[in-house]
There are 2 protein chains.
Amino acid sequence: MKGKTKDVPQRTLERLTLYRRLLNALHQEGARHIYSHELADMAGRMPAQVRRDLMAVGYAGNPARGYEVEGLIKSMRRFLDKPGGQNVALVGAGNLGKALLAYFKGRRPNLRIVVVFDIDPNKANRLIGGCRCYSPARMAQVMKARDVRVAVLAVPAPAAQEVADQLVAAGVQGILNFAPALLRVPESVYVEDLDMTMALEKVAYFSRRGPARKKVSRGA
Amino acid sequence: MKGKTKDVPQRTLERLTLYRRLLNALHQEGARHIYSHELADMAGRMPAQVRRDLMAVGYAGNPARGYEVEGLIKSMRRFLDKPGGQNVALVGAGNLGKALLAYFKGRRPNLRIVVVFDIDPNKANRLIGGCRCYSPARMAQVMKARDVRVAVLAVPAPAAQEVADQLVAAGVQGILNFAPALLRVPESVYVEDLDMTMALEKVAYFSRRGPARKKVSRGA
DNA sequence: CGCAAACCGTTACGTCAGTCACAGCAAGTA
DNA sequence: TACTTGCTGTGACTGACGTAACGGTTTGCG
Ligand SMILES: NC(=O)c1ccc[n+]([C@@H]2O[C@H](COP(=O)([O-])OP(=O)(O)OC[C@H]3O[C@@H](n4cnc5c(N)ncnc54)[C@H](O)[C@@H]3O)[C@@H](O)[C@H]2O)c1
Ligand SMILES: NC(=O)c1ccc[n+]([C@@H]2O[C@H](COP(=O)([O-])OP(=O)(O)OC[C@H]3O[C@@H](n4cnc5c(N)ncnc54)[C@H](O)[C@@H]3O)[C@@H](O)[C@H]2O)c1
């Protein structure tokens, strides 16, 4: 019973994934120990925040040596990852979808895109970026067979809600949505919106208003 | 004297761009007036928050008819956009860069990608997605000639800092960063990080933890 | 013309995340 | 062994943001 994770704030989780990335790089370079202020520097945060974030994963550091890199990585893996890994589906093999597919190809061992869906008949039943592409009509069937519970949505905005409904019907519990559209899904389904247009407008706006801002970088 | 914009919160600005998108669609459909609770429904927020956000743009609604759509759109344009529009540069014409280029092509009249930079000699001095592609060596020169102050960074992570330095040297004041790397830039430069990997890990994590979450969707 | 209703603008409140500060402790030193 | 040092873990503080509440105002109708 390793439960009792008492709800981690979203921002904290974002930072944890960042820390892990940094730690993996450090481990590659042979580092054995690291202090909170070192991690903080690399992540662009405050040392206290790093320590507080790490409290969530329940790994105790040593006041004299800091955190043991390898052990911390293992702890974070236990905390962040699903033991057997998670299969991910991609819907929409357009420009963005194909870029994502190429990027995630073999990169994340336990967060792998294993199947693609696209309504375009020219794409269905073919291999795209090493993944089998199916017609959305077969979604429920394929998703269940492959035990997919997370999906990336990269279709045009007008089709987004329809696809989301299909995904939910197919048993998906989390959606990474690239379409600029508000998805109506059941409470139990987690949706993360990633709106690039909004992000660009934000940059355009704040880049005009002097340096009066804080250091909240925010991912996704 | 329309100054006195007294620093808008980032989240508010994100929502404003969303409202504007919705309003444009409504205007297309011929809607003339709209209430805060209608906009709120469409945006997935609370009516009070919509009203509060709209305070920032300084457009007054009417208690009986709500907001006048066309006037509000105009006000938001005045508030959000730079009068003559803003030119944007894209650095890195890889899979992601090309997708972005295709997507923004002619879509945003006053936020246009006008130039591309890539270190690949096969791409330099050619047209990519309707944009001239230059070698990074000519960055400062080209950027100044085209008055570009905003850049999208889509190069591999190891090259990100170097490119950021070049961009800053070329006079850029805002960067939309897709690379999973922390950019060190002067205080006056605004950086918005958009980390897709982080977003996907977030979805994978929270999709496993029941429906205990709030309705903070967050863009970018 | 007076009234009722509905919504806007704004102020006040509550909640949550980020920061600070300090107690506790493990290692190194004399 | 006794002491010093510097970092961790954590409670308390602060500030920002979202939420709720309320007075003001404009319209429609009796
Ligand atoms: N740079 C970008 O590409 C970019 C930038 C910002 C936002 N977006 C958003 O990302 C999404 C995808 O962008 P894109 O450039 O890849 O678009 P795209 O037009 O290149 O690709 C869309 C793909 O989705 C498929 N599709 C359409 N309807 C479908 C359905 N009902 N079921 C399954 N597949 C369907 C199409 O066949 C096509 O292959 C869009 O919502 C867009 O607004 C993309
Ligand atoms: N789906 C995706 O494509 C995806 C997903 C998540 C993150 N990212 C991030 O986005 C960035 C770009 O991804 P991509 O898939 O387009 O990569 P890519 O390898 O397809 O393209 C990178 C491009 O950048 C160019 N480049 C390299 N160094 C450069 C330099 N110093 N100056 C100018 N140009 C240079 C290369 O020539 C290439 O054209 C990466 O940092 C990646 O981590 C991409």
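First the proteins, then the strands, lettered A, B, ... as listed; each starts at 1. Fair warning: this is a prediction, and the values are worked out from it, not measured in the lab.
- The minimum heavy-atom distance between A/Gly44 and B/Leu182, with the atom names listed, is N-CD2, 3.6 Å.
- Contact annotation: A/Arg45 side-chain N/O to C/dT19 OP1/OP2 distance is not under 4.0 Å.
- Pairing each heavy atom of A/Leu13 with each of A/Val8, the nearest pair is N-CG1, 4.1 Å.
- As rounded to whole Å, 11 Å separates atom P of D/dG18 from atom CD of B/Gln10.
- Rounding to whole angstrom units, CZ of residue A/Arg51 and C1' of C/dG18 are separated by 13 Å.
- Not a single salt bridge (Lys or Arg N to Asp or Glu O under 4.0 Å) links B/Arg51 to another residue, sequence neighbours left out.
- If you take CD of B/Gln49 and P of C/dG9, they are 15 Å apart, rounded to a whole angstrom.
- Rounding to the nearest 0.5 Å gives a distance of 10.5 Å between CG of A/Leu72 and CG of A/Leu26.
- Listed by residue number, the members of residues 66-77 of chain B with any heavy atom below 4.0 angstrom from DNA chain C are B/Gly66, B/Tyr67.
- Taken to the nearest 0.5 Å, the CG atom of A/Leu18 stands 11.5 Å off from the CZ atom of A/Arg20.
- In this structure, CE of B/Met55 is placed 7 Å from P of C/dT11, rounded to the nearest angstrom.
- Scanning both residues, A/Ala157 and A/Ala179, for their nearest heavy atoms gives CA-CB, 4.0 Å.
- Taking every side-chain heavy atom of A/Tyr35 into account, D/dC7 is the closest of D/dC7, D/dA21, D/dG9.
- Closest non-hydrogen pair, A/Gly174 versus B/Val203, comes out as C-CG1, 3.5 Å.
- The distance between atom CD1 of B/Ile34 and atom C1' of C/dC8, rounded to the nearest whole Å, is 14 Å.
- D/dG18 atom P lies 7 Å from atom CG of B/Asp53, rounded to whole Å.
- Between A/Asp193 and A/Ala181, the shortest heavy-atom contact is OD1-O, 4.1 Å.
- At the heavy-atom level, B/Met46 lies under 4.0 Å from the strands shown only through sugar-phosphate atoms.
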| task | Produce a footprint string for nucleotides 25-30 of chain D: one letter per nucleotide, 5' end first; B if the base is under 4.0 Å from any protein heavy atom, S if only the sugar-phosphate is, - if neither. | result | BSS---
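- A side-chain donor from one of A/Asp165 and A/Gln161 sits under 3.5 Å from a side-chain acceptor of the other.
- Between the CG atom of A/Asp7 and the P atom of C/dT15 there is a distance of 15 Å, given to the nearest Å.
- In this structure, NE2 of B/His37 is placed 14 Å from C1' of C/dA5, rounded to the nearest angstrom.
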Mind listing the side-chain donor-acceptor pairs of residues 94-109 of chain B below 3.5 Å, one per line with the distance, residues two or more places apart or on another chain?
| unit_1 | atom_1 | unit_2 | atom_2 | d |
| --- | --- | --- | --- | --- |
| B/Arg107 | NE | B/Tyr103 | O | 2.9 |
| B/Arg108 | NE | A/Glu201 | OE2 | 3.2 |

| said: With side chain to side chain contact (heavy atoms under 4.5 Å, CB included) as the criterion, how do A/Met143 and A/Leu167 come out once you've worked through the C-alpha distance, each side chain's angles and the decisive distance to 0.1 Å? | reply: CA-CA 9 Å; A/Met143 301 282 268; A/Leu167 287 170; 3.8 Å; yes
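- Residue A/Ser36 places at least one side-chain N or O closer than 4.0 Å to OP1 or OP2 of D/dT8.
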Could you pull out all donor-acceptor pairs under 3.5 Å where a side-chain atom in residues 56-65 of chain B meets a protein atom, sequence neighbours excluded?
| unit_1 | atom_1 | unit_2 | atom_2 | d |
| --- | --- | --- | --- | --- |
| B/Asn62 | OD1 | B/Ala64 | N | 2.7 |
| B/Asn62 | OD1 | B/Arg65 | N | 3.3 |

What's touching nucleotides 12-15 of chain D from the protein side, N or O pairs under 3.5 Å?
| unit_1 | atom_1 | unit_2 | atom_2 | d |
| --- | --- | --- | --- | --- |
| D/dA12 | N6 | A/Arg52 | NH2 | 3.2 |

